[in-house]
Amino acid sequence: MGAADIQLTRHGHLMASIPATTHKPAGPTVAFLAHVDTAPDCSGKGVKPVVHRHYDGRILKFPDNPRLALEPATSPELLTAKGKDIVTAGGTTLLGADDKAGMAIVMTLAERLLRDRNLKHGLIRVCFTPDEEIGRGVDKLDLAMLGAQAGYTLDGGALGEISWETFSADAAEVTIQGISTHPAEAKAKGMVNAAFLAGKLLAALPREKCAPESTENRQGFIHPMRVDARVEKAVLKFILRDFELAGLAEKRRILKGLCQGLQAAEPRAVIQCRVRKQYRNMAYWLREDMRPVLLARKAFASIGLTPYDLPTRGGTDGSRLTERGLPTPNLFCGGHNAHGLLEWVAVQDMELAVTACAKLAELWTHERYSRPRTKSAVKG
Ligand SMILES: [Zn+2]
């Protein structure tokens, strides 16, 4: 296509430049990012995309899975796509629109900006990353090499969506060391069953108000992801999530408190709870300089879309990037039902994302680059 500075790093990050068409020395460089991996929850191998032209509200069937149906009754967002062309998979795999839709949008944007030199923009960087779905996509991304002052991930959902708030996230691992004996003489030899203690810990969690399945919107949770338990030892893996750092700290306190209670009730066991930081709500940094969000809203509105904020009950690559110094909200790609067989995307919505990003690139030419803020804005 004629892009410049094409680099593939040893960590799998592919970057390229689209040279500026304006020549303002202080103009900011903007990056558009998408991730190449698809969700591990469901197979993304051998995808057979099917294009359903001119959607009219009907029930969509899948060629390779007659029992599967995509319909407005269970996917009401379909009604926003009437008259559009919908892409689904064949019925046995993901479509992988999360995030191939983002890849396609960024590639089409690059093509358009490179072809039409009348479109005004500063230096644009495009970047494709691996491993987003396992939360490590940008850990090793070299921000100096990327060289942008603002970024956007194209990894969002419905038309007009802007995500600039995400969860703050910790992971916790609880290990319970028990005492194993032959069950025949367990009483006499003092068996301490770590598997039983793991069950007690799970039962003590405030599940009715603090689990993923009992919370929504801005509520956080404590989520046991995996339990590996025998008599001698149990290991429990948790994720802790909250939009606010105070709420996240509260969840750490709850889990640690339950472990201490369990320890006090069974002094012969050895119970340890280790918490490690995962990512932080990007809003903590974006609130200091909302331009990346305000310009995205302005770009959307200027092409007739209604921008809306969607706080993400999860993290995006932008959560880590923003914390590391590159403010990076997440923009819509038009995809729905991510991570499952019913995944779909409307072609025309992807097209609108391309147009919105081109407009966004233009709006940034009116801005001046301000020095990046320090990384220590948030503690905890
Ligand atoms: Zn994604």
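Whatever order the structure lists them in is the order used to number ligands and atoms, beginning at 1.
Between Asp309 and Arg297 there is a salt bridge, with a side-chain nitrogen of the basic residue lying less than 4.0 Å from a carboxylate oxygen of the acidic one. Classification of Glu323 and Lys277 as a salt-bridged pair holds, one side-chain N sitting under 4.0 Å from a carboxylate O.
In summary, Asp155 places an N/O/S atom under 2.8 Å from the Zn ion (ligand 1), meeting the contact criterion. Taking 2.8 Å as the threshold, Asp98 counts as a candidate ligand of the Zn ion (ligand 1), since one of its N, O or S atoms lies below it.
The ring of Phe332 has its center no closer than 6.0 angstrom to the ring center of Tyr308.
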Inset, instruction - Kindly determine whether Thr9 and Asp142 satisfy side chain to side chain donor-acceptor pair (under 3.5 Å), including the steps that lead there. - result: CA-CA 9 Å; Thr9 71; Asp142 185 339; over 6 Å; no

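In His35, the N, O or S atom that comes nearest to the Zn ion (ligand 1) is NE2.
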